[in-house]
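First up is the structure itself, then whatever we jot down about it.
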Amino acid sequence: MSSKVQPHIRVQREDFDLQAEVDRISTRTDGVGAIVTFSGLCRDEGGTLAALELEHYPGMAEAEMTRIAGLAIERFGLLGLTAIHRYGKIAAQGNIVLVIAAAPHRQAAFDGANFVMDYLKTAAPFWKKEHGKDGFTGEWVAARDADDAARDKWK
(Lines give C-alpha, C1' and ligand atoms only; values in the text may rest on other atoms or scores of the structure.)
Protein backbone atom coordinates (compact mmCIF):
# COMPACT_ATOMS: atom_id res chain seq x y z
CA MET A 1 0.00 0.00 0.00
CA SER A 2 1.77 3.12 -1.18
CA SER A 3 -0.86 5.57 0.07
CA LYS A 4 -0.33 7.44 3.33
CA VAL A 5 -3.92 6.62 4.28
CA GLN A 6 -3.93 3.66 6.64
CA PRO A 7 -7.18 1.71 6.85
CA HIS A 8 -8.68 0.82 10.20
CA ILE A 9 -9.28 -2.96 10.05
CA ARG A 10 -10.68 -5.20 12.79
CA VAL A 11 -11.97 -8.75 13.06
CA GLN A 12 -13.70 -9.19 16.39
CA ARG A 13 -16.24 -11.24 18.31
CA GLU A 14 -17.83 -8.26 20.12
CA ASP A 15 -20.32 -5.89 18.56
CA PHE A 16 -19.26 -2.51 17.19
CA ASP A 17 -20.75 0.95 17.73
CA LEU A 18 -21.59 2.39 14.32
CA GLN A 19 -21.82 5.99 15.51
CA ALA A 20 -18.53 5.81 17.41
CA GLU A 21 -16.82 4.48 14.27
CA VAL A 22 -18.30 7.25 12.10
CA ASP A 23 -17.23 9.83 14.67
CA ARG A 24 -13.70 8.39 14.73
CA ILE A 25 -13.22 8.59 10.96
CA SER A 26 -14.90 11.99 10.56
CA THR A 27 -12.96 13.75 13.30
CA ARG A 28 -9.53 12.34 12.40
CA THR A 29 -9.62 12.85 8.64
CA ASP A 30 -9.02 16.20 6.89
CA GLY A 31 -10.58 17.10 3.55
CA VAL A 32 -13.58 14.80 3.84
CA GLY A 33 -16.63 15.86 1.87
CA ALA A 34 -18.50 12.55 2.05
CA ILE A 35 -18.75 9.56 4.34
CA VAL A 36 -20.58 6.42 3.25
CA THR A 37 -21.37 3.67 5.71
CA PHE A 38 -22.54 0.13 5.12
CA SER A 39 -23.68 -2.00 8.00
CA GLY A 40 -24.49 -5.63 7.22
CA LEU A 41 -26.95 -7.34 9.57
CA CYS A 42 -27.87 -10.95 10.18
CA ARG A 43 -31.18 -11.49 8.36
CA ASP A 44 -33.89 -13.45 10.14
CA GLU A 45 -34.96 -15.16 6.88
CA GLY A 46 -38.66 -14.53 7.44
CA GLY A 47 -38.52 -15.38 11.12
CA THR A 48 -36.90 -18.81 10.66
CA LEU A 49 -33.27 -17.94 11.41
CA ALA A 50 -32.07 -17.57 14.99
CA ALA A 51 -28.41 -16.84 14.28
CA LEU A 52 -25.47 -17.09 11.92
CA GLU A 53 -22.24 -18.68 13.04
CA LEU A 54 -19.29 -16.91 11.43
CA GLU A 55 -15.75 -18.24 11.37
CA HIS A 56 -12.59 -16.80 9.89
CA TYR A 57 -8.97 -17.68 9.22
CA PRO A 58 -7.15 -15.64 11.94
CA GLY A 59 -4.36 -13.47 10.61
CA MET A 60 -5.26 -14.22 7.00
CA ALA A 61 -8.67 -12.51 7.27
CA GLU A 62 -7.12 -9.30 8.61
CA ALA A 63 -4.38 -9.41 5.97
CA GLU A 64 -6.89 -9.85 3.14
CA MET A 65 -9.12 -7.10 4.51
CA THR A 66 -6.09 -4.79 4.67
CA ARG A 67 -5.14 -5.68 1.08
CA ILE A 68 -8.69 -4.99 -0.16
CA ALA A 69 -8.82 -1.71 1.78
CA GLY A 70 -5.50 -0.62 0.25
CA LEU A 71 -6.82 -1.29 -3.25
CA ALA A 72 -9.94 0.79 -2.51
CA ILE A 73 -7.93 3.67 -1.02
CA GLU A 74 -5.69 3.83 -4.09
CA ARG A 75 -8.39 3.30 -6.70
CA PHE A 76 -10.94 5.79 -5.33
CA GLY A 77 -8.68 8.31 -3.59
CA LEU A 78 -10.21 7.59 -0.19
CA LEU A 79 -9.13 9.71 2.75
CA GLY A 80 -10.15 7.13 5.33
CA LEU A 81 -11.50 3.61 5.45
CA THR A 82 -12.80 1.44 8.26
CA ALA A 83 -13.72 -2.23 7.84
CA ILE A 84 -14.89 -4.33 10.78
CA HIS A 85 -16.06 -7.93 10.47
CA ARG A 86 -17.44 -9.94 13.36
CA TYR A 87 -17.17 -13.67 14.01
CA GLY A 88 -18.88 -16.06 16.40
CA LYS A 89 -22.59 -16.73 16.76
CA ILE A 90 -24.53 -13.60 15.82
CA ALA A 91 -28.26 -13.39 16.53
CA ALA A 92 -30.76 -12.34 13.89
CA GLN A 93 -30.67 -8.55 13.38
CA GLY A 94 -27.18 -8.38 14.92
CA ASN A 95 -24.33 -6.50 13.26
CA ILE A 96 -21.99 -8.57 11.10
CA VAL A 97 -19.91 -6.13 9.07
CA LEU A 98 -19.23 -2.41 8.89
CA VAL A 99 -17.53 -0.50 6.10
CA ILE A 100 -17.01 3.25 6.27
CA ALA A 101 -15.43 5.09 3.35
CA ALA A 102 -14.42 8.75 3.60
CA ALA A 103 -13.57 10.74 0.47
CA PRO A 104 -13.50 14.30 -0.85
CA HIS A 105 -16.65 13.63 -2.91
CA ARG A 106 -19.68 11.35 -2.61
CA GLN A 107 -19.14 9.11 -5.64
CA ALA A 108 -15.68 8.04 -4.51
CA ALA A 109 -17.05 7.25 -1.03
CA PHE A 110 -19.95 5.21 -2.47
CA ASP A 111 -17.69 3.36 -4.91
CA GLY A 112 -15.05 2.70 -2.27
CA ALA A 113 -17.56 1.20 0.16
CA ASN A 114 -19.17 -0.93 -2.57
CA PHE A 115 -15.79 -2.15 -3.81
CA VAL A 116 -14.72 -3.20 -0.31
CA MET A 117 -17.97 -5.09 0.34
CA ASP A 118 -17.92 -6.84 -3.04
CA TYR A 119 -14.38 -8.08 -2.39
CA LEU A 120 -14.97 -8.95 1.28
CA LYS A 121 -17.84 -11.23 0.24
CA THR A 122 -15.66 -13.16 -2.20
CA ALA A 123 -11.99 -12.87 -1.20
CA ALA A 124 -11.77 -12.64 2.59
CA PRO A 125 -11.66 -16.00 4.41
CA PHE A 126 -14.96 -15.96 6.32
CA TRP A 127 -17.47 -18.78 6.48
CA LYS A 128 -21.03 -18.87 7.78
CA LYS A 129 -23.47 -21.49 9.01
CA GLU A 130 -27.18 -20.93 9.63
CA HIS A 131 -28.89 -21.81 12.92
CA GLY A 132 -32.70 -22.03 12.69
CA LYS A 133 -35.19 -21.14 15.37
CA ASP A 134 -36.42 -24.75 15.16
CA GLY A 135 -32.99 -26.03 16.28
CA PHE A 136 -31.82 -26.87 12.74
CA THR A 137 -28.14 -26.25 12.06
CA GLY A 138 -27.23 -25.93 8.40
CA GLU A 139 -24.06 -26.72 6.55
CA TRP A 140 -21.41 -24.09 5.93
CA VAL A 141 -22.95 -21.77 3.33
CA ALA A 142 -21.37 -21.85 -0.14
CA ALA A 143 -20.41 -18.71 -2.04
CA ARG A 144 -23.05 -17.32 -4.37
CA ASP A 145 -22.60 -16.63 -8.07
CA ALA A 146 -24.20 -13.19 -7.56
CA ASP A 147 -21.37 -12.25 -5.18
CA ASP A 148 -18.77 -13.19 -7.83
CA ALA A 149 -20.65 -11.16 -10.45
CA ALA A 150 -20.74 -8.11 -8.15
CA ARG A 151 -16.98 -8.37 -7.58
CA ASP A 152 -16.23 -8.88 -11.27
CA LYS A 153 -17.81 -5.55 -12.26
CA TRP A 154 -14.75 -3.85 -10.71
CA LYS A 155 -12.24 -5.60 -13.01
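Below, each value reflects all heavy atoms present in this structure, side chains not excepted, and no hydrogens, waters or symmetry copies.
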* To do: Show the numbers, then the answer: is there a side chain to side chain contact (heavy atoms under 4.5 Å, CB included) between T48 and E130?
  => CA-CA 10 Å; T48 63; E130 296 179 338; over 6 Å; no

* Asked: So which heavy atom on Q93 is nearest to which on L41, and how close?
  -> O-CD2, 4.0 Å

* Asked: If we only count heavy atoms from C-beta on, is the D147 to R151 side-chain gap below 4.5 Å?
  -> no

* So how far is it from N95 CG to D15 CG, rounded to the nearest 0.5 Å? -> 4.5 Å

* Report the residues that fulfil salt bridge (charged side-chain N to carboxylate O under 4.0 Å, His left out) with E55, sequence neighbours left out, ordered by chain and then residue number. => none

* **I84 side chain near T82 side chain, heavy-atom distance below 4.5 Å** => yes

* Asked: What's the shortest heavy-atom distance between G47 and K133, and which atoms?
  -> O-CD, 3.1 Å

* To do: Identify the two heavy atoms, one from L81 and one from A69, that lie closest to each other, and give their separation to 0.1 Å.
  => CD2-CB, 3.1 Å

* Would you call R10 and E21 a salt bridge, taking side-chain N to carboxylate O under 4.0 Å as the test? -> yes

* To do: Drop me the distance from E53's CD to T137's OG1, to the nearest 0.5 angstrom.
  => 8.0 Å

* To do: Evaluate whether atom CG of D145 has more than 12 neighbouring non-hydrogen atoms of other residues, nucleotides or ligands under 6.0 angstrom away.
  => no

* Asked: If you draw a 6.0 Å radius around CZ in R75, do more than 12 non-hydrogen atoms from other residues or ligands fall strictly inside?
  -> yes

* For residues V97 and F38, determine if any side-chain heavy atom of one lies less than 4.5 Å from a side-chain heavy atom of the other. => yes

* Answer yes if the ring centres of F115 and F76 are under 6.0 angstrom apart, and no otherwise. => yes

* Looking at D148 and K121, does any basic side-chain N land under 4.0 Å from a carboxylate oxygen? -> no

* Spacing of OH belonging to Y57 relative to CD belonging to E62, to within rounding of 0.5 Å -> 11.5 Å

* When the aromatic ring centroids of H131 and F136 are compared, is their separation below 6.0 Å? -> no

* To do: Is it possible for you to say whether L79 and V99 belong to one hydrophobic cluster, with membership spreading through side-chain heavy-atom contacts below 4.5 Å?
  => no

* **Atom CZ of F110 with >12 non-hydrogen neighbours under 6.0 angstrom** => no

* What do you reckon, is CD of E139 surrounded by more than 12 foreign heavy atoms closer than 6.0 Å? -> no

* To do: Indicate yes or no: at least one non-hydrogen side-chain atom of L54 is less than 4.5 angstrom from one of I90.
  => yes

* Nearest non-hydrogen partners of D111 and W154, listed with the distance -> O-CH2, 3.7 Å

* Grab the two heavy atoms, one from K129 and one from W140, that are nearest each other, plus how far apart they are. => CE-CE2, 3.4 Å

* Is any side-chain heavy atom of I100 less than 4.5 Å from a side-chain heavy atom of V36? -> no

* Hey, are the side chains of P104 and V32 touching, using non-hydrogen atoms and a 4.5 Å cut-off? -> no

* Asked: Atom CZ of F126 and atom CD1 of I96: how far apart are they, to the nearest 0.5 Å?
  -> 11.0 Å

* Structure fact -> Nearest heavy-atom approach of G112 to A101 is C-CB, 4.4 Å

* So, E74 side chain and L71 main chain: donor-acceptor pair closer than 3.5 Å or not? -> no

* What's the spacing between M65 CE and H8 NE2 if we round to 0.5 Å? -> 10.0 Å

* When you measure from the side chain of R43 to the backbone N and O of A92, does any donor-acceptor pair fall under 3.5 Å? -> no

* Non-hydrogen side-chain atoms of V5 and L78 separated by less than 4.5 Å -> no

* To do: Not counting sequence neighbours, which residues clear side chain to side chain donor-acceptor pair (under 3.5 Å) with W127? List them please.
  => none

* Indicate yes or no: at least one non-hydrogen side-chain atom of H56 is less than 4.5 angstrom from one of P125. => no

